[in-house]
Amino acid sequence: MAASNNPRKFSEKIALHNQKQAEETAAFEEVMKDLSLTRAHRLQLQKTQYLQLGQSRGQYYGGSLPNVNQIGNSAMDLPFQTPF
Amino acid sequence: MAASNNPRKFSEKIALHNQKQAEETAAFEEVMKDLSLTRAHRLQLQKTQYLQLGQSRGQYYGGSLPNVNQIGNSAMDLPFQTPF
Amino acid sequence: TSQTSKTDDPQLKREIRLMKNREAARECRRKKKEYVKCLENRVAVLENQNKTLIEELKTLKDLYCHKSVLGKDLQKAAR
Amino acid sequence: TSQTSKTDDPQLKREIRLMKNREAARECRRKKKEYVKCLENRVAVLENQNKTLIEELKTLKDLYCHKSVLGKDLQKAAR
DNA sequence: GTCGGCTGACGTCAGCCTGG
DNA sequence: CCAGGCTGACGTCAGCCGAC
């Protein structure tokens with residue numbers, strides 16, 4: 001009965017819960033780390049975009065100016081709009 | 001002592017846990033509902049894009065063909081690439 | 001005179017007190033058992049929600065990182 | 001002759017058994033208390049993780065829905 | 001099969017806390 | 001203040017289950 005999902009001894013119950021908690025905490029921190037990297041990368045690219053904005057204005061030469069309201073909106077070029 | 005965060009009576013502990021669980025379940029289902037709507041909307045727009053692909057080909061008349069590899073990729077026009 | 005109107009008998013008072021504490025102890029053990037089951041059930045619920053939220057976060061992250069998510073979307077829309 | 005080599009005395013055997021069960025009961029109550037505390041701590045941890053995951057999901061969903069997230073990003077990057 | 005380790009449930013004592 | 005309600009901790013009995 002040692003490998004049962006609901007052991008009888010309290011020691012085994014504690015061990016099972018500690019094991020599950022360790023696994024879940026690992027998965028949680030993994031996802032949070034990835035999200036942190038995504039955020040950092042997004043921020044860096046936003047800054048890059050912002051700093052290169054003065055130089056990239058050449059592509060609008062002879063045309064209309066870019067919509068300044070969309071600057072700073074990180075999802076302005078998404079293929080479809082889903083404003084839920 | 002009724003409004004304490006760690007009551008002495010078991011009844012109050014059970015009531016507190018049931019209350020917290022109800023609130024957290026409500027917030028959880030709220031987020032999941034929103035994600036379901038986002039998914040559905042995304043799917044609908046993907047299908048619409050796919051069905052209108054034959055008609056919209058006219059905009060490429062006399063030019064190069066659209067990149068077929070990007071069809072079905074729902075995030076193909078994101079402003080920045082973060083392939084983590 | 002000896003007034004036995006209520007419970008002036010010390011032995012009777014003790015028996016009554018023991019009896020009440022006996023029943024109280026039974027109810028207390030019952031409530032404690034129910035509380036532990038409540039905790040275990042709450043852990044299970046939070047566990048499932050945690051798993052679901054992590055999976056959903058992975059999906060959204062992968063979606064944002066240009067990974068095709070059409071398969072999962074169609075799979076989830078099929079049911 | 002009366003052989004009292006080990007524990008043939010019934011009273012002594014009983015006392016020994018009661019003594020062992022006494023200590024076992026103490027240890028059992030200790031472990032049970034530790035188990036309940038383990039459950040409560042696990043509930044608290046899962047609670048915080050779920051809250052964080054839900055907040056993160058809301059942020060990603062709002063980001064995907066064209067809502068400006070620059071403020072939160074800068075706020076989170078500042079600390 | 002029996003025997004010993006753990007645990008469920010009981011009754012009792014001691015102590016905390018609140019209502020009266 | 002203190003009588004009473006709940007609970008923590010104890011020792012005991014009964015029962016389960018694995019090891020011998």
Side-chain angles (χ1 to χ4, degrees), chain A residues 1-23, chain B residues 1-23, chain C residues 1-47, chain D residues 1-47:
Chain A
M1 199 61 181
S4 176
N5 293 330
N6 196 27
R8 191 161 160 262
K9 291 176 62 64
F10 287 132
S11 314
E12 303 175 1
K13 290 188 178 184
I14 296 177
L16 271 181
H17 276 287
N18 285 338
Q19 176 185 349
K20 284 187 180 180
Q21 183 159 349
E23 298 174 1
Chain B
M1 198 60 182
S4 176
N5 293 331
N6 197 27
R8 189 160 162 264
K9 290 176 62 65
F10 287 134
S11 314
E12 304 175 1
K13 290 188 178 183
I14 296 178
L16 271 181
H17 275 287
N18 284 338
Q19 176 186 347
K20 285 188 179 179
Q21 182 158 351
E23 298 174 2
Chain C
T1 65
S2 62
Q3 265 295 82
T4 62
S5 60
K6 289 278 187 176
T7 52
D8 290 356
D9 188 357
Q11 296 183 5
L12 184 57
K13 282 193 65 177
R14 169 179 168 84
E15 285 190 11
I16 290 182
R17 177 170 52 87
L18 288 184
M19 169 77 80
K20 280 198 172 183
N21 189 251
R22 221 177 308 168
E23 298 177 1
R26 272 200 294 266
E27 199 64 19
C28 186
R29 284 191 296 265
R30 189 166 177 259
K31 283 292 178 184
K32 181 168 186 177
K33 190 175 175 181
E34 180 184 350
Y35 170 62
V36 174
K37 285 189 177 181
C38 170
L39 281 181
E40 294 172 336
N41 171 71
R42 184 161 164 71
V43 166
V45 170
L46 285 170
E47 213 169 311
Chain D
T1 65
S2 61
Q3 265 296 83
T4 61
S5 62
K6 287 279 188 174
T7 53
D8 291 355
D9 189 356
Q11 295 183 6
L12 185 56
K13 282 193 65 176
R14 169 179 167 84
E15 284 189 11
I16 290 182
R17 176 170 53 88
L18 287 185
M19 169 77 80
K20 280 198 172 183
N21 187 251
R22 221 177 308 168
E23 299 176 2
R26 272 200 294 266
E27 199 63 21
C28 186
R29 283 192 297 267
R30 189 166 179 263
K31 282 294 178 182
K32 182 169 185 176
K33 191 176 176 181
E34 181 182 348
Y35 171 63
V36 173
K37 285 189 178 181
C38 170
L39 280 181
E40 293 173 337
N41 172 71
R42 185 160 162 73
V43 165
V45 170
L46 284 171
E47 213 170 310

Along DNA chain E (nearest heavy atom to each residue), the more 5'-positioned of C/Ala25 and D/Cys28: D/Cys28

Counting just side-chain N and O atoms, does [X] come under 4.0 Å of either OP1 or OP2 of [N]?
| X | N | result |
| --- | --- | --- |
| D/Arg26 | F/dG11 | yes |
| D/Arg22 | F/dT12 | yes |
| C/Lys31 | F/dC6 | no |

Hey, mind stepping through A/Asn6 and A/Lys13 against side chain to side chain contact (heavy atoms under 4.5 Å, CB included) and telling me if it holds? CA-CA 7 Å; A/Asn6 196 27; A/Lys13 290 188 178 184; 3.9 Å; yes

Parallel, tilted or perpendicular: which fits the ring planes of C/Tyr35 and B/Phe10, with parallel below 30° and perpendicular above 60°? parallel

May I have the distance from [X] (atom [atom1]) to [N] (atom [atom2]), rounded to whole angstrom?
| X | N | atom1 | atom2 | result |
| --- | --- | --- | --- | --- |
| C/Leu18 | E/dT12 | CG | P | 5 Å |
| D/Arg29 | E/dG8 | CZ | P | 12 Å |
| C/Arg17 | E/dG11 | CZ | C1' | 13 Å |
| D/Lys32 | E/dT7 | NZ | C1' | 9 Å |
| D/Glu27 | F/dC10 | CD | P | 11 Å |
| D/Lys33 | F/dA9 | NZ | C1' | 9 Å |
| D/Lys37 | F/dG8 | NZ | C1' | 12 Å |
| C/Arg14 | E/dT12 | CZ | P | 8 Å |

Checking contacts here: which listed nucleotide (F/dT7, F/dA14, E/dG5) is nearest the side-chain heavy atoms of D/Asn21? F/dA14

Taking the side chain as every heavy atom from C-beta outward, state whether D/Met19 and D/Arg22 have any atom pair closer than 4.5 Å. yes

Under-4.0 Å salt bridge between C/Glu34 and C/Lys37: no

Can you find a donor-acceptor pair, distance only, under 3.5 Å between A/Arg8 side chain and E/dG8 base? no

Show your reasoning for whether side chain to side chain contact (heavy atoms under 4.5 Å, CB included) applies to D/Lys33 and D/Val36. CA-CA 5 Å; D/Lys33 191 176 176 181; D/Val36 173; 5.9 Å; no

